[in-house]
Amino acid sequence: MNKVLRAGRRATFAVFLLNGFVMGMWVVHIPAVEDRAGIDHALLGWLLLLLGGGAFAGMQAAGPLSDRFGPRRTVPAGLALCAAALVLPGLATNAWTLAAALLVLGFGNGCLDVSMNTHAVQVERGYGRPIMSAFHAVFSVGGVLAALVGSQTRRLDWSPVAVFAVTAAAGVVLAVVVTPMLLRPESGEAASDTGASAGTGQADAGALPGQKARPRTRTPGRIWLLAALALMLMLSEGVANDWSTLHLKDVLDAPESTAAFAYGAFATAMTAGRFLTDRVAARFGSFAVLRYGAALAAAGMTLAALSPSVWAALVGWTVFGAGLSGCIPQLFSAAGHADPAGAGANVSRVAGLGYLGMLAGPAVIGPLTHLMPLNLAFFLPVAFCVIAAVAAGVLRTPEGAPAEEPRAALSES
């Protein structure tokens with residue numbers, strides 16, 4: 001069983017890494033794709049909404065499919081679809097074909113996102129200790145690798161289609177390679193049969209591992225609360241992605257070369273924090289990670305917003321990234337563990353609303369800047385982080401559900 005779990009964990013790392021690499025490759029080549037399609041920045045902004053809409057649709061489709069067929073089937077399918085769809089934007093020659101391409105790419109990415117997170121929950125359940133944050137950290141590493149490789153291919157004047165095709169081929173090959181390594185339903189569920197029957201009451205208490213549970217008629221309120229927190233925290237993350245560099249440049253008059261360090265500091269802290277979060281969660285619990293992480297993020301954003309100094313603002317963005325780093329993985333993990341028989345559907349709810357929050361960041365902050373300075377608009381994500389810290393009790397194990405102690409016991413055995 002240990003060999004099976006280790007293989008499943010390695011496969012999950014590989015899938016997260018390639019997903020980050022695929023989406024990073026898309027980001028790196030956006031200017032080239034925009035030129036080939038003959039569109040301007042404004043139209044591209046609208047078309048990117050289709051990428052998000054496709055992702056949301058893919059997440060909602062993949063959740064029930066993962067519950068019915070198991071991540072062992074949906075992860076390879078999602079990986080192959082996401083990787084293959086990367087080629088389509090490179091082939092687009094006008095706005096209409098790019099719109100269709102982004103819709104398909106978003107759908108594939110959404111399917112893969114929920115499927116791989118559902119499998120990550122399954123692996124974590126088998127290990128009996130927190131490991132979710134490390135998977136998300138590796139996703140970030142994939143994006144960094146894409147930036148490095150993509151900059152080199154652009155320097156060598158490779159066409160986006162060629163780069164996308166090679167990346168897509170790697171994704172399809174990986175989908176074939178990891179399939180035997182992914183956990184079968186009974187491998188991940190064995191440690192949680194009791195949880196399925198004693199938890200929320202939504203799963204079929206008499207279902208055997210691998211069997212289809214009774215259809216769930218309603219998503220528990222706790223899942224919607226997790227989803228709402230994911231929306232607020234991922235909106236906050238989206239604000240850093242889209243506005244941190246502009247903050248240093250426009251508010252603090254930093255040179256563009258210096259302003260770029262704002263996002264770099266945030267992203268580096270996010271990645272490093274996720275590699276460390278699992279140890280913190282194992283010792284203090286996911287509740288502590290969310291409460292004190294969100295509070296730290298609120299303090300970091302406040303420092304960045306109010307600082308008159310570029311260097312103090314950089315410290316603020318770093319603290320913001322470190323605090324936020326472990327919060328979202330805890331929400332995904334809690335959603336997946338709430339009901340093993342409905343893990344896919346629950347993760348799709350949390351991931352779907354979270355992704356909408358990520359997309360809403362630019363849309364919300366932009367209009368606020370017409371009413372107040374950009375740095376004061378940052379107090380919206382500060383408020384969201386405070387709300388998340390106050391509501392962190394949602395991660396405490398509900399009465400009657402399996403507590404976190406067995407996870408610690410398993411990790412010691």
Side-chain angles (χ1 to χ4, degrees), residues 133 136-137 140 143-144 229-277 280-281 284 286-331 354 357-358 360-392:
S133 293
H136 286 250
S140 300
V144 173
L229 293 177
L231 185 150
M232 289 187 283
L233 291 175
M234 291 184 74
L235 184 148
S236 301
E237 182 179 342
V239 168
N241 293 341
D242 295 296
W243 297 100
S244 57
T245 298
L246 286 173
H247 167 239
L248 260 67
K249 179 178 179 293
D250 294 345
V251 176
L252 299 177
D253 294 322
E256 289 189 9
S257 57
T258 301
F261 282 107
Y263 174 72
F266 168 79
T268 301
M270 280 278 288
T271 303
R274 283 176 170 172
F275 276 119
L276 297 173
T277 294
V280 177
F284 300 105
S286 58
F287 161 81
V289 172
L290 179 58
R291 168 150 294 179
Y292 298 109
L296 184 63
M301 177 66 89
T302 300
L303 174 61
L306 297 181
S307 174
S309 162
V310 169
W311 299 109
L314 287 173
V315 172
W317 286 112
T318 302
V319 172
F320 181 62
L324 207 58
S325 61
C327 295
I328 292 299
Q330 306 313 308
L331 298 177
M358 180 80 77
V364 171
I365 296 298
L368 283 178
T369 60
H370 295 293
L371 304 174
M372 63 186 71
L374 175 60
N375 60 315
L376 295 184
F378 290 159
F379 280 95
L380 177 64
V382 168
F384 285 162
C385 289
V386 171
I387 291 171
V390 172

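No more than 12 heavy atoms of other residues, nucleotides or ligands sit less than 6.0 Å from atom OH of Tyr292.
Under the 3.5 Å distance criterion, the side-chain polar atoms of Arg291 are matched with a main-chain donor or acceptor of Ala389. For the pair His247 (side chain) and Ala262 (backbone), a donor-acceptor distance under 3.5 Å is absent.
When side chains are defined from C-beta on, Leu324 does not count as touching Met301, because their heavy atoms never get closer than 4.5 Å. In this structure, Leu376 and Leu371 have side chains that are not in contact, with every pair of non-hydrogen atoms separated by 4.5 Å or more. Annotation: side chain of Phe379 is in contact with side chain of Leu306 (closest heavy-atom distance under 4.5 Å).
If you take CG on Asp250 and OG1 on Thr369, they are separated by 10.0 Å, rounding to the nearest 0.5 Å.
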**Q.** Step-by-step side-chain contact (heavy atoms from CB on, under 4.5 Å) determination, Leu248 to Leu314
**A.** CA-CA 9 Å; Leu248 260 67; Leu314 287 173; 3.6 Å; yes

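Contacts of Phe384 classified as ring-ring contact (aromatic ring centres under 6.0 Å, His included), with partners at least two apart in sequence or in another chain: none.
The two residues Gly300 and Val319 make their nearest non-hydrogen contact at CA-CG1, 3.7 Å. Looking at every heavy atom in both residues, Ser325 comes nearest to Arg274 through O-NE, 2.9 Å.
Ring-plane geometry between Trp317 and Phe320 is classed as perpendicular, the angle between the planes exceeding 60 degrees on a 0 to 90 degree scale with a lower cut at 30.
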